[in-house]
Amino acid sequence: MFTGLKCTEDKFPAEALQKAGYRTLIWGQKTYNGVALLSKVDPQHPWKGWPEGESSDEARIIAADFGGVEVLCVYVPNGQAVGTDKFDFKMKWLGKLHETIHQRLKKNQAILICGDFNIAQSDLDVHDPQQWKDQCLFSDSEKKALNRLLELGLVDLYRATHPSEPGFTWWDYRSGAFPRNHGLRIDLILASSHLLDQVEDIYVDRNERKGEKPSDHAPVICVFKAAAFPSW
DNA sequence: ATGGTAGCAGAGCTA
């Protein structure tokens, strides 16, 4: 699962990935956004934008069914700052995501929603909750929107298995945030609750935030037991 | 105190 490709599909290394054995679902966009799903099994019923055919100008969500579990890759708008037009757009986008997930859970569809949520939910998810209080990524309205998603019946897989580890996934490029561990946990894997028992291992790979030209995010790696996807 | 860094694209916007 990838977000923030910042390129059109022709610039994404799909061929190399396919040679390495991955199926690729890509929704690219010039300069901004962009999402992709890689898999070792065939995706079924893929869609992007919004599921009922509603179009979207921004490449922020791509999904497909993999062996009976629908996987949604999301790049939630950053929101820039509380009170801006971009923040309003973020809140509206989260409303649509809520409705989309609600429809799927109503049909008992097993789902996994992973990506950059651009929201830190609790004090444990933030290096300095006082500094971040009421700021974009940590405002009450954003936290409430994320809580509404979870209340539909989803589990935050990392937090459920690591109740006291911060598990930061993002550190600003500025001010030496990574070496100081001034991070936030904003990249999440939310799942239908029955999938929690199927988690073999889940962790943040901090090594991806090191080295030459790293992303400002580190990936959350989740390994499921084979029983989670019986048809694979 | 409104900085600071990075990517894309080729200046300024977004994060």
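Quick note: numbers below take in every heavy atom, side chains included, and nothing from hydrogens, waters or symmetry partners. All of these numbers come straight from a predicted model, not from anything done at the bench. Just so it is clear: chains get the letters A, B, ... in the order the sequence lines come, proteins before strands, and each one is counted from 1.
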- Residue pair A/Pro77 / A/Phe87, side-chain heavy-atom distance below 4.5 Å: no
- Message: Test of understanding: with side-chain hydrogen bond (donor to acceptor under 3.5 Å, both in side chains), list the residues that count as partners of A/Ser56, not counting sequence neighbours.
- Response: none
- Query: Once you round it to whole Å, what is the distance between P of B/dT14 and CG of A/Asp216?
  - Reply: 16 Å
- For B/dA15 and B/dG4, measure between their C1' atoms and round to the nearest Å. 13 Å
- Looking across every strand, which nucleic acid part, if any, lies under 4.0 Å from A/Tyr75 by heavy atom: base, sugar-phosphate, or nothing? sugar-phosphate
- Message: With rounding to the closest Å, how many angstrom separate the C1' atoms on B/dG10 and B/dA6?
- Response: 15 Å
- Report the residues that fulfil salt bridge (charged side-chain N to carboxylate O under 4.0 Å, His left out) with A/Asp156, sequence neighbours left out, ordered by chain and then residue number. A/Arg185
- Any sub-3.5 Å donor-acceptor pair from A/Glu142's side-chain atoms to A/Leu137's backbone N or O? yes
- Message: Could you tell me how far apart A/Asp187 (CG) and B/dA15 (P) are, to the nearest whole angstrom?
- Response: 14 Å
- For A/Ala81, all residues meeting side-chain contact (heavy atoms from CB on, under 4.5 Å), sequence neighbours excluded: A/Thr84
- Message: Using whole Å, what does the distance between atom C1' of nucleotide B/dT14 and atom CG of A/Leu137 come to?
- Response: 13 Å
- Task: Nearest whole angstrom, please: distance from the C1' of B/dC13 to the CD of A/Gln29.
- Result: 13 Å
- Under the side-chain hydrogen bond (donor to acceptor under 3.5 Å, both in side chains) rule, collect the residues that match up with A/Asp140, sequence neighbours excluded. none
- Query: Looking only at heavy atoms, which two atoms of A/Val69 and A/Ala228 are closest? And how far apart?
  - Reply: CG2-O, 4.3 Å
Do any N or O atoms of the protein come closer than 3.5 Å to N or O atoms of nucleotides 6-10 of chain B, and which pairs are they?
{"unit_1": "B/dG7", "atom_1": "OP2", "unit_2": "A/Lys213", "atom_2": "NZ", "d": "2.9"}
{"unit_1": "B/dA9", "atom_1": "OP1", "unit_2": "A/Thr31", "atom_2": "OG1", "d": "3.1"}

What pairs of nitrogen or oxygen atoms, one from the protein and one from nucleotides 1-4 of chain B, lie under 3.5 Å apart?
{"unit_1": "B/dG4", "atom_1": "O6", "unit_2": "A/Arg174", "atom_2": "NH1", "d": "3.3"}

